[in-house]
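Here the structure comes first, spelled out in structure tokens, and everything after it is commentary.
The figures that follow rest on heavy atoms only: side chains count, while hydrogens, waters and symmetry mates do not.
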Amino acid sequence: MKNVLIVFLLIILALTGWWANKNSNYPYPAPVDIVTEKTKPIDFAGFLFGMRRIIADIMWVQTLQYYGGGGWEDKVSEEKYRKYEHDEKRKGEYGRYRYLLAMCQRCVRIDPYFKYVYAFGGASLAWNLTRYDEALELLNEGIEHNPQFYPFHLYAAAIIYSKEGKSTDVIKKLEEAVKYTDCPFEVKLILGNIYTKYGRYEDAANIWVDIYYTAKREDRKKGAKQKLEKLIAEKKLSEKFLEKINGI
């Protein structure tokens, strides 16, 4: 009797999930479309029971934990790495976090409207790992499911320009992107670093001040303050910017 009750409840949950997916204003892809290199059986349970957002949140935490590690245990294949061994842009961190794209896709294929994953993943793949094609692949999925979300078009354009070495166009697109209130920290950080690289120290300082006031994590606030202090110590910036965050 107990087993029958459990089966009955599972059927009810499955039917509820099916009804929720069918009647949602944000339609989800078919089960066959959620498969990635890192897909696990529990992903299908989330699909079956209509708990996609909850499962996607859990996956996202796992992705952040993965990206917070060293990344050298999961290097891109030797064959793929060798293709870029003479490309200056591909040195350093290029080979790390082989599965970052797959793990981001695992999140958004369960919940295609999880916008932050596309933005964070795209920025990290493009500017931290210089894997532009993977970044664009992820952002193109974001644009497909969220065609009216204009920042994705900006990020994609900036990545294309970066890939082509058009730094001026990259800056213009990122400047448009950071105007959005939900612009990820990583995109702001990238723009601030680009400003610094090209000697636009006051523009960079404005980014660090913005990060200091908008970042939720204390380590990011501290990092922004340290960047200001470094520029001031190097006589590249007035102390007035540090006064802005010290409340003077």
Distance col, row L228:CG vs I207:CD1, nearest 0.5 angstrom, shows 11.0 Å
For the pair T63 and L100, evaluate side-chain contact (heavy atoms from CB on, under 4.5 Å) and give the outcome as yes or no after the intermediate values. CA-CA 7 Å; T63 302; L100 181 58; 4.1 Å; yes
Heavy-atom nearest pair, A205 first then L237, reads CB-CD2, 3.6 Å
Is the closest side-chain heavy-atom distance between M103 and M59 below 4.5 Å? no
Is a side-chain N or O of T130 found less than 3.5 angstrom from the main chain of A126, in a donor-acceptor match? no
Please say yes or no: joined through hydrophobic side-chain contacts below 4.5 Å, possibly via intermediate residues, are Y198 and I190 part of one cluster? yes
Quick one, W208 with K188, criterion side-chain contact (heavy atoms from CB on, under 4.5 Å). Give me CA distance, side-chain angles, the key distance, then yes/no. CA-CA 8 Å; W208 307 140; K188 294 180 181 179; over 6 Å; no
When rounded to the nearest 0.5 Å, the distance separating OH of Y99 from CD of Q105 is 13.5 Å
Output, in order, the C-alpha distance, side-chain angles, deciding distance and verdict of side-chain contact (heavy atoms from CB on, under 4.5 Å) for R200 and T196. CA-CA 6 Å; R200 295 175 57 176; T196 302; over 6 Å; no
Any side-chain heavy-atom pair of F149 and Y118 under 4.5 Å: no
Would you call the rings of F120 and Y67 parallel, tilted or perpendicular, taking 30° and 60° as the class edges? perpendicular
Report yes or no: do L189 and Y116 belong to one cluster of Ile/Leu/Val/Met/Phe/Trp/Tyr joined by side chain heavy-atom distances under 4.5 Å? yes
Joint hydrophobic cluster, L174 plus V209, side-chain heavy atoms closer than 4.5 Å: yes
Using 4.0 Å as the upper bound for N to carboxylate O, is an ion pair formed by K173 and D169? no
Where do N193 and K227 land on the side-chain contact (heavy atoms from CB on, under 4.5 Å) test, with the steps shown first? CA-CA 10 Å; N193 287 335; K227 286 181 179 292; 3.4 Å; yes
What pair of heavy atoms forms the shortest contact from G192 to A204, and how long is it? O-CB, 3.6 Å
Shortest non-hydrogen pair, C104 vs V117, comes out as O-CG1, 3.6 Å
Could you check whether any side-chain heavy atom of R106 comes within less than 4.5 Å of a side-chain heavy atom of Q62, counting everything from C-beta outward? yes
Are any side-chain N or O atoms of N140 and backbone N or O atoms of L136, one a donor and one an acceptor, separated by less than 3.5 Å? yes
Y195/E175 under side-chain hydrogen bond (donor to acceptor under 3.5 Å, both in side chains): CA gap, chis, key distance, verdict: CA-CA 11 Å; Y195 280 149; E175 285 174 337; 2.5 Å; yes
The reported gap from CZ in R98 to CG in L129 (rounded to nearest 0.5 angstrom) is 14.0 Å
Does some side-chain heavy atom of R53 sit less than 4.5 Å from a side-chain heavy atom of F114? yes
Beyond-backbone contact of N128 with R96, side-chain heavy atoms, under 4.5 angstrom: no
Are L101 and R131 packed together at the side-chain level, in the sense that at least one heavy-atom pair is separated by less than 4.5 angstrom? no
Contact check, side chains of L138 and V108, non-hydrogen atoms, under 4.5 Å: yes
Heavy atoms only: give me the nearest A156-L139 pair and the separation to one decimal. N-CD1, 3.8 Å
Residues, nucleotides or ligands: over 12 heavy atoms within 6.0 Å of K221 NZ: yes
May I ask you to check whether over 12 heavy atoms, not counting those of E234, lie within 6.0 Å of atom CD? yes
Please evaluate residues E186 and R220 with respect to the criterion salt bridge (charged side-chain N to carboxylate O under 4.0 Å, His left out), reporting the C-alpha separation (whole Å), side-chain torsions for both, the decisive distance (0.1 Å), and the verdict. CA-CA 10 Å; E186 289 72 22; R220 291 177 176 175; 3.2 Å; yes
Test: E229 and K222 ion pair at under 4.0 Å: no
Where N146 and P112 come nearest, the two heavy atoms and their spacing: ND2-O, 3.1 Å
When clusters are formed by joining ILVMFWY residues with side-chain heavy atoms under 4.5 Å apart, either directly or through shared neighbours, do V178 and L154 land in the same one? no
So, for I211 and A224, which heavy atoms are closest and what is the spacing to 0.1 Å? CG2-CB, 4.0 Å
Check the angle between the aromatic planes of F152 and Y155 and answer parallel, tilted or perpendicular using the 30° and 60° thresholds. tilted
Is a side-chain donor or acceptor of D111 paired with a backbone partner of C107 at a separation under 3.5 angstrom? no
Within the supplied structure, the quantity of interest is the number of heavy atoms (other residues, nucleotides, ligands) at a distance under 6.0 Å from L64 CG; does it exceed 12? yes
Evaluate the ring planes of Y113 and H145, with Trp represented by its six-membered ring, and classify them as parallel (under 30°), tilted (30 to 60°) or perpendicular (over 60°). perpendicular
